[in-house]
Amino acid sequence: MVLASLSTGVIARIMHGEVVDAPVLQILAIKKINSAADSERYRILISDGKYFNSYAMLASQLNVMQHNGELEEFTIVQLDKYVTSLVGKDGAGKRVLIISELTVVNPGAEVKSKIGEPVTYENAAKQDLAPKPAATSNSKPVAKKEPIHNNNNVVMNSSINSGMTHPISSLSPYQNKWVIKARVTSKSGIRTWSNARGEGKLFSMDLMDESGEIRATAFKEQCDKFYDLIQVDSVYYISKCQLKPANKQYSSLNNAYEMTFSGETVVQLCEDTDDDPIPEIKYNLVPISDVSGMENKAAVDTIGICKEVGELQSFVARTTNKEFKKRDITLVDMSNSAISLTLWGDDAVNFDGHVQPVILVKGTRINEFNGGKSLSLGGGSIMKINPDIPEAHKLRGWFDNGGGDSVANMVSARTGGGSFSTEWMTLKDARARNLGSGDKPDYFQCKAVVHIVKQENAFYRACPQSDCNKKVVDEGNDQFRCEKCNALFPNFKYRLLINMSIGDWTSNRWVSSFNEVGEQLLGHTSQEVGEALENDPAKAEQIFSALNFTSHIFKLRCKNEVYGDMTRNKLTVQSVAPINHKEYNKHLLKELQELTGIGSSN
DNA sequence: CCCCCCCC
């Protein structure tokens, strides 16, 4: 085993403002400095073999490395991205090192011991410091030299010029002489309120830098003053806001505090952000199909084509008597799934979906109803229309070549039943528990494999009207009568009604699937299937046999039905989804915990 | 100082 050499002496240079590429350092200790689980932060004692720095912090996105045990004592790491910032009382305190990207070079268990006899870098000899005069002057804590009654812009300008801004994670109500440099990741519309304590208007925004994120709100005069200036994705210098503890009930941001713009607040656009360390907004894009398996109320980032646009709707909320405007649109993606997304307010009013744009969303919330899941763009969510990212161009190409034509997995489709997610059950238990014997149908889901698919009566000829699926009567002479619409048509459409036997590890059952589910299972449109069954038996055989022995997650509707004097328990496939192994394993682990009591948290 | 986002 070969250990990497540390970048000896480099800490003194970095902490005096020099930019050093990819320094290699050793972690000597790591500890949590904020015990609140919702804004945890780690402080590191880090060494270059000659000097150590106890004022180093992990940016929160690296917390996971500590959780995974990758950053234990003696680990040798390479810093791929870092900044230094001033923190502390009146901005004149310590310079901290904030690490936002690092690579483990040698795990602590390999290294086993401290390298060298490092001392604090503050005792560094002159020859170890940055040779560049500019860098040396940068190291001076500028804010300390300003008179306390100085003009806001003077503080701002000196901070900007010296490159010494404060990390968001260092902000607290206990000192207010700071300047942050932050990217706006989301911005609300202007909202008015009126209650017992008065009335007014406000807008809020989420800010982010290397070290963390924070919510900021501008009320009344500040709302008017700053609303137009603040733009999503732009970077600003901001100073002189009021800080107060964040009400975690209303925010999912990783910060114990939030800030309020005051009459003193200064905001300045930072135009030159090309080589800036302020991170871009990160999207954790999930395929639409995955939303099926996610928890209700979870936050979702996703990207899809707006295939359908609903009407703008206005309504008055029953509980609050407030009027809302909303618009539901349907997104589709390459997971061959569709989901409903609700837009609110101006987003809803101004939305033009007729060009079927690419829609990128971040932080939308899952709303579950009767087994279907839809997304809602709420406070703190972001929507981007036709964003210039590779995923968007890929989707565009896919959709424009017919990719979205046969979407079959309707994530927002309701399966009836309660307002909770469908219960997992085996086919044997569904029988044993007499599911379907009540007035209302019961619903459950199971993982099962297709054993037999019947080709007989797998389709019928239905009324061609788009909102009617009634079976037509063949009148001869190429005329088809729909008794429901009371009309004659020269054509009809094929509808599927697939009967098949599926089995899980406990038992087999015959189930019926209607048109959309049938199309999804067979991977062909009802038209294609109907034509094959009528005219091309070999093609039909090929289509149907492809379904044999495939496994899916089935959501089933279970109901007793009376035929003459016989009561039969009937299973209908409400929806079918590919197996999300991660989610299915979660379910299995939960079952195992319940069976054995092993691994449960209590 | 807001913190509402319904209904099925």
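Each chain gets a letter, A, B and so on, in the order its sequence line appears, and its residues count up from 1.
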Within this structure, what is the [atom1]-to-[atom2] distance between [X] and [N], rounded to whole angstrom?
X: A/Leu377; N: B/dC6; atom1: CG; atom2: P; value: 13 Å
X: A/Glu323; N: B/dC6; atom1: CD; atom2: C1'; value: 12 Å
X: A/Leu202; N: B/dC4; atom1: CG; atom2: C1'; value: 11 Å
X: A/Arg414; N: B/dC7; atom1: CZ; atom2: P; value: 12 Å
X: A/Asn247; N: B/dC1; atom1: CG; atom2: C1'; value: 13 Å
X: A/Gln242; N: B/dC2; atom1: CD; atom2: C1'; value: 14 Å
X: A/Trp344; N: B/dC5; atom1: CH2; atom2: C1'; value: 4 Å
X: A/Tyr257; N: B/dC3; atom1: OH; atom2: P; value: 24 Å

Residues [X] and [Y] bridged, charged N to O under 4.0 Å:
X: A/Glu423; Y: A/Arg433; value: yes
X: A/Glu583; Y: A/Lys586; value: yes
X: A/Arg183; Y: A/Glu213; value: no

How would you label the contact of [X] with the nucleic acid (heavy atoms, under 4.0 Å): base, sugar-phosphate, or nothing?
X: A/Glu258; value: base
X: A/Lys201; value: nothing
X: A/Lys325; value: nothing
X: A/Gly379; value: base

A/Gly198 vs A/Ser374, nearer the 5' end of DNA chain B by closest nucleotide: A/Gly198
What residues form a side chain to side chain contact (heavy atoms under 4.5 Å, CB included) with A/Asn367, not counting sequence neighbours?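 Side chain to side chain contact (heavy atoms under 4.5 Å, CB included) check on A/Asn367 returns A/Lys297, A/Ser374, A/Ser376.
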For DNA chain B, the residues among residues 186-197 of chain A that have a non-hydrogen atom under 4.0 Å from it: A/Arg191, A/Trp193, A/Asn195, A/Arg197
Within residues 216-225 of chain A, the residues having a heavy atom closer than 4.0 Å to DNA chain B are A/Thr217, A/Phe219, A/Lys220
Interatomic spacing from CG in A/Leu285 to CD1 in A/Ile389 - rounded to 0.5 Å: 6.0 Å
Per-pair distances, 0.1 Å, donor-acceptor, side chain in residues 220-232 of chain A, under 3.5 Å, sequence neighbours excluded:
unit_1: A/Asp224; atom_1: OD1; unit_2: A/Lys201; atom_2: NZ; d: 2.7
unit_1: A/Asp224; atom_1: OD2; unit_2: A/Lys201; atom_2: NZ; d: 3.4
unit_1: A/Gln231; atom_1: NE2; unit_2: A/Asp228; atom_2: O; d: 2.8

Candidate pair A/Arg431 and A/Arg509, rule side chain to side chain contact (heavy atoms under 4.5 Å, CB included), full reasoning: CA-CA 10 Å; A/Arg431 275 263 198 240; A/Arg509 289 291 299 270; 3.4 Å; yes
Kindly state each residue pair satisfying side chain to side chain donor-acceptor pair (under 3.5 Å) with at least one member in residues 184-198 of chain A, sequence neighbours excluded.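 Listed by first then second residue: A/Ser186-A/Asp206.
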Using the test salt bridge (Lys or Arg N to Asp or Glu O under 4.0 Å), find all partners of A/Asp347 that sit at least two apart in sequence or belong to another chain. none
So do the side chains of A/Glu519 and A/Val529 get within less than 4.5 Å of each other, counting heavy atoms only?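 With C-beta onward as the side chain, the pair stays apart.
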Could you work out which one of B/dC5, B/dC1, B/dC7 sits closest to the side chain of A/Thr260? B/dC1
Do A/Phe315 and the base of B/dC7 stack face to face, with centres under 5.5 Å apart and an angle between planes under 30°? no
